[in-house]
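Below you'll find the structure, written out as structure tokens, and then a few comments.
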Amino acid sequence: MSKKVRLRFAPSPTGGLHLGGVRTVLYNYLFARQHKGDFILRIEDTDQSRYVPGAEQYILDCLAWCGLEPDESPFHPGPHGPYRQSERKAQGIYAQYAARLVQEGHAYYAFDTPGELEEMRTHYKTPENPSPQYNHVLRTKMKNSLSLPAAEVQQLLDAGTPHVIRIKVMPGEDIHFTDLIRGEVHFATDGVDDKVLLKADGMPTYHLAVVVDDHLMEITHAFRGEEWLPSAPVHILLWRHLFGEDKMPRWAHLPLILKPDGNGKLSKRDGDRLGFPVFAMNWTDPATGETTKGFREMGFLPEAFLNMLAMLGWNDGTGKELFALQDLIEKFTLDRVHKGGAKFDFEKAKWFNHEWIRQLPVGAYQDQVLAHFRAAGIDPLPGQQTPGLATALDPVSGLSEIAPAITGAAAVPAFDPIPVTPEEEKFQKILELVKDRCHLLSEFVQQASFFFKAPDPAVIDLSPVRPKWNEAKQQFFVELIRQLQLMKTWEAAVLEKEFKEMAAAASIKPGDLLLPLRLMLVGGKFGPGVFDIAALLGPEETIRRIKGVLTLLQS
RNA sequence: GCCGCGUUGGUCAAUCGGUUAAGACGCCUCCCUUUCACGGAGGAAUGAGGGGUUCGAUUCCCCUACGCGGUACCA
């Protein structure tokens, strides 16, 4: 019987959550769920100088929005706590392992000050070797327990001299491991430097902490970004010395997400520069007060965001692109993860969102759309605090019920929102009517605001109809108003029939009248079918809008 | 510089030695729609270069080029 699968996402709380980070979470999560394992969130806050207040909660919020909730985290502790490395450090967890490594000759004390290290780097820097490493050759020239006499070392220690503990890497060895994505990867220890394990302030570095914590938390699989690959040999050595290489989790180094233009990994700056989000949700830097826009606030559905991220580096081999989280949990395999980095394409991201907007029932996202309307100063549901349909969709259970619509899976009971007020019902009908032309939730505002706020006749561009306007058309609309006032049933089909019959009677091509009507009701050349619009607008408002523009055209 | 990892159309990518080298996004044309979309039908566009191995390489190996990552008491 093999051990229970356990994975962890270990971010440092230093700022907004990058979409690459979310993808790492996603792959962690998918693998954990697929194997009925655990997904853990561990906060790597060992660098107090980079600690940003609020970042931790923000990460949690992002995961909650995405529906990738950890089984164990600082906020929902399990049996392997604490889940913050600063707290683990306070318990003395790391120091003991560092001390053991020193005792057993796998690590040593180093007393070099930051200044001395700087001096060493500039001193040994050459054109051929621009960044000298603190390694097996240079350590003999530095101030450490390997180069100094034992008595002096003891003296320094007794005096409380600030020092770090560094791993002692022995040259001449080949270190290798099997990466779940890349296969065999080799490193010569000659090129591996003596990384600091325990800092002068007693905090572990990532290298020590990741190994100790992965062991203590019984992590079986460790997925992380490709930027970690070069430090893998240090981690392997640590595992070997501390807990045994055979106990080491299986590693998978994920490809990077690259900027759309040029090369290099995608950064927040690229998003600012090119006009798209990079963080999952809005992030406000507490130091500068500057807010960086997130995918959520930009109008993305979490389902689409995740779907898009999943496909950035993975596919199931069939050409299928639309996946709900539940599908991904079932289909995801590491051997189908790409090795090369992928350039982020915002257009494709919007396409995913568009697909999800179209396939999901509007009840699934009407709250978010409502928020966009209100942010734009339009309130489709005045006085309504919380929409009755507020349905917190759980992407696993909730979404799986919707999934068939979009993924073509076998039919299961569909998500069935029940409107509680007539206003809400109307709101939903409107969203339903325009969803096909929205790539972002925020676009519902542009596409449907005219339903809630009549266009000002004075600012409508009438140039498309004005040149061809004549008395016959004028009369048609006067008559149309009269007929509309007599309508018994106010439905799109009925309205259209009436309209066309009147046009025929007046010997005017319906096409010549449709655009004017559209301009009257919508205020622009866009939107769903005019009669659908009129139907939802209702008789009074429809007539009012026609009249408003008609007087203008007459003049 | 050194170490590591990569490299199929503009982008995401399939192919696990033999294909007319899929599909998607985007772009272009046409149809549908007397709006804008959706939808439908087409189109342009790809194996970095050089050596091998093989009857046969996009696929396997080597070299080169290029890109990226790392080279911190940051993660």
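Sequence lines set the chain letters: A, B, ... in the order given, protein chains first and strands last, and positions in each chain run from 1.
Residue A:Arg50 places its side chain closer to B:A75 than to any other of B:U71, B:A75, B:G4. Ranking B:U71, B:C74, B:C25 by closeness to the A:Lys348 side chain, first place goes to B:C25. Comparing atom distances between the A:Leu256 side chain and each of B:C74, B:C68, B:U34 picks out B:C68 as nearest. In this structure, the nucleotide among B:C12, B:G4, B:C25 sitting nearest to the side chain of A:Val185 is B:G4. In this structure, the nucleotide among B:U35, B:C74, B:C68 sitting nearest to the side chain of A:Lys199 is B:C74. Closest to the side chain of A:Thr46, from the set B:A75, B:U11, B:G4, is B:A75. The side chain of A:His338 approaches B:A14 more closely than any other nucleotide in the set B:A14, B:G26, B:U71. Nearest to the side-chain atoms of A:Val196 among the listed nucleotides B:C5, B:C68, B:C73 stands B:C73. When the nucleotides B:C74, B:U35, B:G1 are ranked by their closest atom to the side chain of A:Ser131, B:G1 comes out on top. If you check B:A75, B:G1, B:C25 against the side chain of A:Asn129, the one that comes closest is B:G1.
If you check every strand for non-hydrogen atoms under 4.0 Å, A:Leu258 touches nothing. Within 4.0 Å of A:Asp112, counting heavy atoms only, lies at least one base atom of the nucleic acid. In this structure, A:Ser12 reaches the sugar-phosphate backbone alone: every heavy-atom distance under 4.0 Å involves primed, P, OP1 or OP2 atoms, never a base. Here A:His253 lies out of heavy-atom contact (under 4.0 Å) with every strand. Here A:Gly191 lies out of heavy-atom contact (under 4.0 Å) with every strand. Across all strands, A:Pro528 comes closer than 4.0 Å to base atoms (heavy-atom distances). If you check every strand for non-hydrogen atoms under 4.0 Å, A:Arg224 touches nothing. Nucleic acid contact class of A:Pro127 (heavy atoms, under 4.0 Å, all strands): sugar-phosphate only. Nucleic acid contact for A:Glu44: sugar-phosphate only, since backbone atoms but no base atoms lie under 4.0 Å from a heavy atom of the residue. Residue contacts for A:Ala200: at a heavy-atom cut-off of 4.0 Å it reaches a base atom on one of the strands shown. Using a 4.0 Å heavy-atom cutoff across all strands shown, A:Gly524 reaches no nucleic acid atom at all. Residue contacts shown for A:Gly264 are limited to sugar-phosphate atoms, with no base heavy atom under 4.0 Å away. A:Arg518 comes within 4.0 angstrom of a nucleotide base, judged by non-hydrogen atoms across all strands. Within 4.0 Å (heavy atoms only), A:Asn315 reaches sugar-phosphate atoms of the nucleic acid but no base atom.
Between A:Asp261 and A:Arg273 a salt bridge is recorded (basic side-chain N to carboxylate O distance below 4.0 Å). Checked for salt-bridge contact, A:Lys339 and A:Glu226 miss the test: no charged N lies under 4.0 Å from a carboxylate O. Here A:Arg84 does not pair with A:Asp45 in a salt bridge; the nearest charged N to carboxylate O distance is not below 4.0 Å. With salt bridges taken as basic N to acidic carboxylate O contacts below 4.0 Å, one links A:Asp213 and A:Arg88. Classification of A:Asp194 and A:Lys168 as a salt-bridged pair fails, no side-chain N sitting under 4.0 Å from a carboxylate O. The existence of a salt bridge linking A:Lys348 and A:Glu321 is confirmed by a sub-4.0 Å separation between a basic side-chain nitrogen and an acidic carboxylate oxygen.
For the P atoms, the distance from B:U7 to B:U59 is 12 Å, rounded to whole Å. A distance of about 33 Å separates the P atoms of B:U20 and B:C63, rounded to the whole Å. Remark: the separation of the P atoms in B:G9 and B:G4 is 26 Å, to the nearest Å. Between B:U64 and B:A24, the distance separating the two P atoms is 40 Å to the nearest Å. Comparing the C1' positions of B:C25 and B:C31 gives a spacing of 22 Å, expressed to the nearest Å. Rounded to the nearest Å, the gap between the P atom of B:C5 and that of B:U19 is 31 Å. Straight-line distance between the C1' atoms of B:G47 and B:G10: roughly 16 Å, to the nearest whole Å. For B:C28 and B:G70, the P atoms lie 38 Å apart once the distance is rounded to whole Å.
Spacing between atom NZ of A:Lys525 and atom C1' of B:A37 amounts to 14 Å, rounded to whole angstrom units. Protein atom CZ of A:Phe187 is 12 Å distant from nucleotide atom C1' of B:U71, rounded to whole Å. The CD-P distance, from A:Glu347 to B:C12, rounds to 14 Å in whole Å. Taking atom CZ of A:Arg336 as the reference point, atom C1' of B:U15 lies 9 Å away to the nearest angstrom. Straight-line distance from the NE2 atom of A:His235 to the P atom of B:A75: 11 Å, rounded to whole Å. For the pair A:Trp314 CH2 and B:A24 P, the computed distance is 18 Å after rounding to whole Å. One can place CZ of A:Phe111 at 16 Å from P of B:C73, the figure rounded to the nearest angstrom. When rounded to the nearest whole Å, the span between CG of A:Asn135 and C1' of B:C3 equals 12 Å.
Considering only side-chain N and O atoms, A:Thr318 lies nowhere under 4.0 angstrom from the phosphate OP1 or OP2 of B:A14. Residue A:Lys125 places no side-chain N or O under 4.0 Å from the OP1 or OP2 atom of B:C2. The side chain of A:Arg121 contributes an N or O atom lying less than 4.0 Å from OP1 or OP2 of B:A72.
With a cut-off of 3.5 Å on both pairing distances, B:A14 has no Watson-Crick or G-U wobble partner at all. Pair assignment for B:G1: B:U71, on the basis of Watson-Crick or G-U wobble contacts that are both within less than 3.5 Å. Across every strand in view, B:A41 sits in a pair with B:U29 that passes the Watson-Crick or G-U test at under 3.5 angstrom. Look at B:G6: its Watson-Crick or wobble partner, with both distances under 3.5 angstrom, is B:C66. Base pairing of B:C60: its partner is B:G52, meeting the Watson-Crick or G-U wobble criterion (both donor-acceptor distances under 3.5 Å).
The structure places OH of A:Tyr27 at 10.5 Å from CZ of A:Phe223, a figure rounded to the nearest 0.5 Å.
Place A:Arg358 and A:Met311 on RNA chain B by their nearest nucleotides, and A:Met311 ends up nearer the 5' end. Take the nearest nucleotide of RNA chain B for A:His354 and for A:Ser231: the residue whose nucleotide is more 5' is A:His354.
Under the 90° criterion around 0 for the glycosidic angle, B:C38 counts as syn.
Annotation: cation-pi pair A:Arg166/A:Tyr134 present, NZ/CZ under 6.0 Å from the ring centroid and within 45° of its normal.
Under the ring pair (Phe, Tyr, Trp, His ring centres under 6.0 Å) criterion, A:Trp228 pairs with A:Tyr206, not counting sequence neighbours.
The minimum heavy-atom distance between A:Met298 and A:Gly275, with the atom names listed, is CE-O, 4.3 Å.
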